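Before any comments, here is the structure.
In this text, all values refer to a predicted model and were calculated from it rather than measured experimentally.
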Amino acid sequence: MGLLMFLAGPAKPLSAPRNRLEGKVLETVGVFEAPKQHGKYETGQLFLHSVFGYRGIVLFPWQARLYDRDVASPVAEKSENTAGHGSKEVKGKTHTYYQVLIDARDCPHISQRSQTEAVTFLANHDDSRALYAIPGLDYVSHEDILPYSSTDQVPIQHELFERFLMYDQTKVPPFVARDTLCAWQEKNHPWLELSDVHRETTENIRVTVIPFYMGMREAQNSHVYWWRYCIRLENLDSEVVQLRERHWRIFSLSGTLETVRGRGVVGREPVLSKEQPAFQYSSHVSLQASSGHMWGTFRFERPDGSHFDVRIPPFSLESNKDEKTPPSGLHW
C-alpha cells in the first residue's frame, strides 16, 4: 500500500525515504495496509487519522448508535425526545468507534485543530466538581482510520502505551492488550463508554456530537449530574468559513430551559478550510436532574462578511440510573 513517512509530526504519505525539507530528514515509520470495508479493527492496530493526521493505536472498539439527520426519513415528524423544537425523527444505526492513544510526538501539531486532552473524568472523592483530563486519548470513527503496520516494538510514544499493550510477534497486529488495559476498561467504562452519536449537515458544514455521562455528585444537599460532550465541525465545501458564535439551549428534566450564547468555542474561533477542514473540541454540562436535552446553532462567517447558522443536532443527556459507584478515574 506504500510507505508511511513523517517529518517531525503528521504529514502526507511520501514515497522517497531520504527527501529533505527545511533541513530535516523524513523517516519511514510503517507501511500502509488496506482499510477494512467490513468488520472492525482489533486492539493494537496502528493507524493514521485520516482527518487530523496523527499516528495512533486502537485500544478497544465501542459499538455506538449513530443518529444521522442527513439521512432521516422523508416523513419527518416532530421528535418526542428533542424538547419539541422541530427536529427530524431519526433512527439509530450501529456504527463502530474506537478508543485510541495518540502519539505524543504528534500532539503539538494537531492541538490547534483537535483537543488532545478531550477525555475527562470527575474526581472520585467528595469534593467533586474538579475535572481531570487524560492526555492523548481520543475516540475515532471506523472510516477515519488509515491502518498501517510497523516493525517498531514501541511505535507509539504515550505514557500509557507500555502499561496497556505488549509486543507479541506471533499476533496480527503484533500488539496485544495487557491485563491492565482490560481492568481499566472494566473499571472506568461508566465515563468512557460511547453509546450515541448525533450528526447533521447545514450548508456543507457537518456537526457531529458525542455525549458522555460522567457521573453524579452531591452538592449543597442536591444531586448534580455531569456530562462531557465532544463536537466535531467539518467543512465539506472548498469555501473558507470561520466559526464566530455559539447558541445553546439546554433543557433539564427538572423543567428548566437555559440559553447560552458566546463567542466561538473553547476560547477559539476556528477557520475551516480545504487544507484544514475539521475542528474538534469537548466541553461539559451539569444538571440538577438525571436527564435533559441540548441543541442549538453555530454561527459561521464567510469571506465576504456574510453569516449563516449551522444546526447542532439535538442530543439527549441520559444518566446511568443503575450506577452504584462513582467512576474510578485512573484507578487500575
Can you find a heavy atom in the side chain of Arg228 that is under 4.5 Å from one in the side chain of Val119?
yes

Pair up each side-chain donor or acceptor in residues 149-156 with any protein partner under 3.5 Å, not counting sequence neighbours, and list the distances.
{"from": "Ser150", "atom 1": "OG", "to": "Val29", "atom 2": "O", "distance (Å)": "3.3"}
{"from": "Ser150", "atom 1": "OG", "to": "Asp152", "atom 2": "N", "distance (Å)": "3.0"}
{"from": "Asp152", "atom 1": "OD1", "to": "Val154", "atom 2": "N", "distance (Å)": "2.9"}

Indicate, with yes or no, if Val172 and Phe32 share a hydrophobic cluster defined by side-chain heavy-atom contacts under 4.5 Å among Ile, Leu, Val, Met, Phe, Trp and Tyr.
no

Side chain to side chain donor-acceptor pair (under 3.5 Å) between Ser282 and Gln115, worked out
CA-CA 7 Å; Ser282 69; Gln115 288 180 332; 3.1 Å; yes

Taking ring pair (Phe, Tyr, Trp, His ring centres under 6.0 Å) as the definition, give me every residue that meets it alongside Phe60, ordered by chain and number, with sequence neighbours left out.
Trp62

Is it the case that one hydrophobic cluster holds both Tyr98 and Val51, taking links as side-chain heavy atoms less than 4.5 Å apart, direct or via other members?
yes

Assigning hydrophobic clusters by single linkage (Ile, Leu, Val, Met, Phe, Trp, Tyr; side-chain heavy-atom cutoff under 4.5 Å), is Ile250 placed with Tyr229?
yes

Closest non-hydrogen atom pair between Pro35 and Tyr41, with its separation:
CA-OH, 3.4 Å

Quick one: does Phe164's side chain get under 4.5 Å of Arg178's, heavy atoms only?
no

Just wondering, more than 12 heavy atoms not from Glu203 lying within 6.0 Å of its CD?
yes

Would you confirm whether Ser254, through its side chain, and Gln288, through its main-chain N or O, come within 3.5 Å as a donor-acceptor pair?
no

Shortest non-hydrogen contact from Leu194 to Ala64?
CD2-CB, 2.9 Å

Excluding sequence neighbours, so at least two apart, what forms side chain to side chain donor-acceptor pair (under 3.5 Å) with Glu143?
His95, Ser141

Can you list every side chain to side chain donor-acceptor pair (under 3.5 Å) pair that touches residues 167-176, not counting sequence neighbours?
Asp168-Thr170

Quick test of your reading of the model: are Arg232 and Asp144 salt-bridged, counting only N-O distances below 4.0 Å?
yes

Can you tell me if NZ on Lys36 sees more than 12 non-hydrogen neighbours from other groups inside 6.0 Å?
yes

Pro314 and its side-chain contact (heavy atoms from CB on, under 4.5 Å) partner, picked from Arg69, Arg249, His198:
Arg69

Can you get from Leu253 to Leu317 by hopping between Ile, Leu, Val, Met, Phe, Trp and Tyr side chains that sit under 4.5 Å apart?
no

Should Leu243 and Val240 be counted in the same cluster of Ile, Leu, Val, Met, Phe, Trp and Tyr side chains packed under 4.5 Å apart?
no

Of all heavy-atom pairs linking Trp227 and Ser290, the shortest is CZ2-O, 3.7 Å

Within-4.5 Å side-chain heavy-atom neighbours: Val207 and Glu200
no

Can you find a heavy atom in the side chain of Leu165 that is under 4.5 Å from one in the side chain of Thr43?
yes

Check ion pair Arg105-Asp103 (N to O, under 4.0 angstrom)
yes

Side-chain contact test, heavy atoms from C-beta onward, threshold under 4.5 Å: evaluate it for Pro313 versus Tyr67 and give yes or no.
no

Minimum side-chain heavy-atom gap Leu59-Val100 below 4.5 Å
no

Donor-acceptor pairs under 3.5 angstrom involving side-chain atoms of residues 264-275: please list them, not counting sequence neighbours.
{"from": "Arg268", "atom 1": "NH1", "to": "Ser111", "atom 2": "O", "distance (Å)": "2.8"}
{"from": "Arg268", "atom 1": "NH2", "to": "Ser111", "atom 2": "O", "distance (Å)": "3.3"}
{"from": "Glu269", "atom 1": "OE1", "to": "Arg244", "atom 2": "NH1", "distance (Å)": "2.6"}
{"from": "Glu269", "atom 1": "OE1", "to": "Arg263", "atom 2": "NH2", "distance (Å)": "3.3"}
{"from": "Glu269", "atom 1": "OE2", "to": "Arg263", "atom 2": "NE", "distance (Å)": "3.3"}
{"from": "Glu269", "atom 1": "OE2", "to": "Arg263", "atom 2": "NH2", "distance (Å)": "3.2"}
{"from": "Ser273", "atom 1": "OG", "to": "Glu275", "atom 2": "N", "distance (Å)": "3.4"}
{"from": "Ser273", "atom 1": "OG", "to": "Gln276", "atom 2": "N", "distance (Å)": "3.1"}

Do we see a donor-acceptor contact under 3.5 Å between the side chains of Gln280 and Asp138?
yes

Should the heavy atoms of other residues, nucleotides or ligands under 6.0 Å from CG of Asn221 be counted, would the total exceed 12?
no

Anything under 30° is parallel, anything over 60° is perpendicular, the rest tilted; go ahead and classify His293 against Phe251.
parallel

Looking only at heavy atoms, the pair that brings Val90 and Asp68 closest together is CG1-O, 4.0 Å

If only atom types and distance count, is the side chain of Tyr139 paired as donor or acceptor with the main-chain N or O of Leu192 below 3.5 Å?
yes

For Gln45 against Tyr148, the heavy-atom pair lying closest together:
NE2-O, 3.3 Å

Ignoring hydrogens, what is the shortest heavy-atom contact between Met166 and Ala177? Give both atom names and the distance.
CE-O, 4.4 Å

Would you say the side-chain atoms of Asn235 pair up with the backbone N or O of Glu239, donor to acceptor, closer than 3.5 Å?
yes

If you count the non-hydrogen atoms of other residues, nucleotides and ligands that lie under 6.0 Å from CD in Gln63, is the total more than 12?
yes

Determine yes or no for a side-chain-to-main-chain donor-acceptor pair under 3.5 angstrom, with Arg113 supplying the side chain and Phe279 the backbone.
no

Give me the ring orientation class for Phe121 and Tyr132: parallel if the planes are under 30° apart, tilted from 30 to 60°, perpendicular past 60°.
parallel

Applying ring pair (Phe, Tyr, Trp, His ring centres under 6.0 Å), can you list everything that pairs with Tyr225, at least two apart in sequence or on another chain?
none

